[in-house]
Amino acid sequence: MSWKRGLLAALAVCGLLGGPAGCGSGDGHGRAERVSAPPVGRLLDGTDEKGRHYREVEKKNAPEIAIEVQPDSDYGWDVRLSVRHFRFSPAGAGARAVTGRGVALLYLDGRTIATLRGAEHHLSGDLVPRGTHHVTARLYADDRTVWTVHGKPVESTADITASVAGPTHGGAPTRSPTRTPASTATPAGATAGTPVTAPPRRGTTGASENGRWARTGSGGSPDSGGKAS
């Protein structure tokens, strides 16, 4: 019976040490799973309009983005993004920062209008009043921190001009958009590019205006007042 008393004593010691793992019966796999991944980049004090912190990364192999905007046949706008060193995360991705991954938030004059998980988006003409506007795409990690280089958000901005506000009815005017030469993705800090002009909407009179592609990068943030998702 002495061996039974010894076994019971050993089990009691294991219980005091936190179960079987406390007795060294595990292979350490459980402890390894509890070790968190190393942080990505460095969190800065700077934030976006909604208080989401900047996440600084080295310029080498940092995410880059360029935006193109073209008026479409439905009197809206086609937005196309070009990215480098970056992959869009699918819906349901974990809320943690992973190198070179995340989403793009689309801003119109500083107001958030879409969260993009792909390179293409249709911007309804109903959202674009008459006049010149700024369309900005900014890259975020999955935890919604802002990817930044040298303290500036990784983003790109295109200027567009709408000739008529709101939907109208009637015959569709012709349009002949022209494209500027293709370019590679642009990191934060590049200069502004050529505005894009939309032709008149249905039911308007006069000759239609030409629309042009625009691609530009901008290190500055959109105007304040954005509605983040």
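When a residue number appears, it is its place in the shown sequence, counting from 1.
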Any side-chain heavy-atom pair of Trp147 and Pro153 under 4.5 Å: no
Under-4.0 Å salt bridge between Glu58 and Arg42: no
Under the side-chain hydrogen bond (donor to acceptor under 3.5 Å, both in side chains) test, residues paired with His122 that sit two or more places apart: Asp72
Pairwise side-chain contact, Lys152 with Val146, heavy-atom cut-off 4.5 Å (strictly under): no
Asp143: side chain to side chain contact (heavy atoms under 4.5 Å, CB included) partners, not counting sequence neighbours: Arg55, Ala97, Ala141, Thr145
Closest non-hydrogen atom pair between Leu139 and Pro63, with its separation: CD1-CB, 3.7 Å
Heavy-atom check, side chain of Thr148 versus side chain of Leu44, under 4.5 Å: yes
All side-chain hydrogen bond (donor to acceptor under 3.5 Å, both in side chains) counterparts of His133, not counting sequence neighbours: Asp109
Sequence-distant partners of Ser89, side chain to side chain contact (heavy atoms under 4.5 Å, CB included), two or more places apart: Ala93, Arg101, Arg117, Asp142
Pair Tyr140-Asp48, side chain to side chain donor-acceptor pair (under 3.5 Å): steps then yes or no: CA-CA 11 Å; Tyr140 286 75; Asp48 70 357; 2.8 Å; yes
Validation row: Phe88, Leu81 side chains within 4.5 angstrom (heavy atoms): yes
Hphob cluster co-occupancy, Phe86 + Val98, side-chain heavy atoms under 4.5 angstrom: no
Test item: Trp77 and Val128 side chains (from C-beta on) under 4.5 Å apart, heavy atoms: yes
Side-chain donor/acceptor of Glu56 to backbone N/O of Gly41, under 3.5 Å: no
Residue pair Asp78 / Val69, side-chain heavy-atom distance below 4.5 Å: no
